[in-house]
Amino acid sequence: MSEMTLLQDLKARGLVAQMTSEEELEKHLAEGSVTLYCGFDPTADSLHLGHLVPLLMLKRFQDYGHRPIALVGGATGLIGDPSFKAQERQLNSGEVVAEWSNCLKGQISRFIDFNDESGAILANNYDWTSGIDTLTFLRDIGKHFTVNKMIAKESVKQRIEREDSGISFTEFTYQILQSFDYQQLNKAYGCTLQIGGSDQWGNITGGIDLTRRMNGAQAHGMTLPLITKSDGTKFGKTEGGAVWLDAAKTSPYAFYQFWLNTPDADVYRFLKYFTFLSVEEIDALEKADAERQGRPEAQSVLAREVTRLVHGDDGLLAAQRITDALFSGDLSDLSETDYEQLGQDGLPSSELDVAALAETPMTTLLSDAGVATNGKQVKDALQRQAVIVNGNACGVEDNMKAAEIFAAERAVFGRFFMVKLGKKKHHLFKLA
RNA sequence: GGUGGGAUUCCCGAGUGGCCAAAGGGAUCAGACUGUAAAUCUGACGCGCGAGCUUCGGUGGUUCGAAUCCACCUCCCACCA
């Protein structure tokens, strides 16, 4: 490890958007082990890529000897954070939020070490929020907030100024709840640093104020930058929507492919954000890539590192196994068990009923299987000889010949068909 | 409350009675080139293999024929009070 302090490293990685006095924070972190927290609200049954940077950030602090608290927002998730949201959100039921909270807990614990007693803490703000009664809340906590300040926050400003959408009292109260979390964690665990996305700045400073007023303690805050892409499109989205951390929702293979497809213009920045490789290593990689002709190394390093972080060695192996099989040339050296494995590893696959194929055009068959979004795309691909079944290209004239193309005697090992549409879309059909 | 403007296919945005499934751009998908890049070029882009079917805020109407004209309704925007 280099001589850099944690803060210097984070800055070198571009991971700091805003922070309370840098000088004081630097000093505070140097004094010894600091307890810090980051909250994750259960807005779905899985975390997604947007949560990854803060999650890894907790781990970065832990690696430097600090103690992270991962806070699951079982309470705040019931209310909904209005920060920079254009519209009021739909409330989710208590059971749903509780269930989602559990999902998040499981995921978070894979990233951070909760083992030894001085290690990380997993908390749920439902524990100290649910039991509080209205009058106590209003008198003991509410009294510390002036509406003037609350209204002035940039994160709710547009909602307050907009005539059409507005903001409910419920969501408006969110910042008080989050501030209360900080104060509670400060009291219970001596937590003195909160981190979060850059949209959380207002909520974090609110918590710092409340902690000072109620606990007489000095607390700090830091926000992480919003991850942007060089082409202006939203980071973390694919054709299928969000990229989830749950292997059941985004397979390790799809996850690996997502990173492998990172544009050159973003890849070194992402390496700094999403991996634990040192800044020097990443800079060296960038230099080496620039000097070499052809394909850069960076994407595969990024894909490897992040997939391992999220899905472990097994997930990474599965993803690489599929990738090698599909993109390294020919499939003929795959064994029967390899085929079986591909399906289990997360390659999109489905069962095929040959008997029902006589009347089914390829366009329908493939779009139903999810290889393309509609028949037109399949037709287009057929016209360009871009549909490949077990290595044989199909044309438009084959559209009505599905029964022939997928005849059992043509199947690999008597039951597999690898269908490729274009260069990147693969689908495995298994005879029923 | 008053007056004027607007709502078009994923997004932006043309279209003011037939030649409109609807210009153009963006996004997206595929092909060439490449590195499973970028840039560029080509094609597709409401749904359907096809015949054909369903669209232009909503509901009715005029007409042989309406995204385009009329009536009412809903929602946005601007100005006035």
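Quick caveat: nothing in here was measured; it's all calculated off a predicted structure. Values below: every heavy atom of this structure, side chains too, minus hydrogens, waters and symmetry copies. All chains are named by letter (A, B, ...) in the order of the sequence lines, taking the proteins before the strands, and each is independently numbered beginning at 1.
Annotation: side chain of A/Val306 is in contact with side chain of A/Phe255 (closest heavy-atom distance under 4.5 Å). Under the 4.5 Å side-chain criterion, counting only non-hydrogen atoms from C-beta, A/Leu245 is in contact with A/Leu55. Between A/Gln299 and A/Asn261, every side-chain heavy-atom pair lies at or beyond the 4.5 Å cut-off.
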Any protein N or O atoms within reach of nucleotides 49-52 of chain B? Criterion: under 3.5 Å, listing atom names and distances.
| residue | atom | partner | partner atom | Å |
| --- | --- | --- | --- | --- |
| B/rC49 | OP1 | A/Thr363 | OG1 | 3.0 |
| B/rC49 | OP1 | A/Thr364 | OG1 | 2.8 |
| B/rC49 | O4' | A/Thr363 | OG1 | 3.4 |
| B/rC49 | O4' | A/Asn399 | ND2 | 2.8 |
| B/rG50 | OP1 | A/Lys379 | NZ | 3.0 |

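Contact check on A/Lys272 versus A/Asp283 returns a salt bridge, with a Lys/Arg side-chain nitrogen under 4.0 Å from an Asp/Glu carboxylate oxygen. A salt bridge does not link A/Asp380 with A/Lys376: none of the charged nitrogens is closer than 4.0 Å to a carboxylate oxygen. Between A/Glu351 and A/Arg415, no side-chain nitrogen of the basic residue sits less than 4.0 Å from a carboxylate oxygen of the acidic one, so the salt-bridge criterion is not met. A salt bridge does not link A/Arg60 with A/Asp63: every distance from a Lys NZ or Arg NE/NH1/NH2 to an Asp or Glu carboxylate oxygen is 4.0 Å or more. Between A/Asp9 and A/Arg13, at least one side-chain nitrogen of the basic residue sits less than 4.0 Å from a carboxylate oxygen of the acidic one, meeting the salt-bridge criterion.
Only the C1' atoms considered, B/rA14 is 10 Å distant from B/rA22, to the nearest whole Å. Using atom P as the reference point in both B/rC73 and B/rU9, the two lie 24 Å apart (nearest Å). Nucleotides B/rG50 and B/rC70 have their C1' atoms positioned 40 Å apart, rounded to a whole Å. Here the separation of B/rC11 from B/rG17, taken at their C1' atoms, is 29 Å to the nearest Å. Comparing the P positions of B/rG13 and B/rG25 gives an interatomic distance of 16 Å, to the nearest angstrom. A gap of 38 Å separates the C1' atoms of B/rA71 and B/rG26, to the nearest Å. For B/rC33 and B/rA51, the P atoms lie 32 Å apart once the distance is rounded to whole Å. Across the P atoms, B/rG43 and B/rG24 are found 12 Å apart, a figure rounded to whole Å.
Of the inter-residue distances, the one linking A/Ile227 atom CD1 with A/Phe270 atom CZ reads 6.5 Å to the nearest 0.5 angstrom.
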Fill in the blank from the handout: Whether each nucleotide of nucleotides 30-38 of chain B has a protein heavy atom under 4.0 Å at its base (B), only at its sugar-phosphate (S) or at neither (-) is summarised, 5' to 3', as BB-BBBBB-

Exercise for the section: Represent RNA chain B in dot-bracket notation, 5' to 3'. Only Watson-Crick or G-U wobble pairs with both distances under 3.5 Å count; pseudoknot-style crossings use [ ] and interstrand partners use |. Expected result: (((((((..(((.....[.....))).(((((.......))))).((....))...(((((..]....)))))))))))).

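Using modelled atom types, one side-chain atom of A/Asp398 and one backbone atom of A/Gly395 make a donor-acceptor pair closer than 3.5 Å.
Between the CG atom of A/Leu365 and the P atom of B/rG48 there is a distance of 14 Å, given to the nearest Å.
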Handout entry: Criterion ring-ring contact (aromatic ring centres under 6.0 Å, His included) on A/Tyr256 and A/Phe327, from CA distance to verdict
Key = CA-CA 13 Å; A/Tyr256 183 82; A/Phe327 292 95; 9.8 Å; no

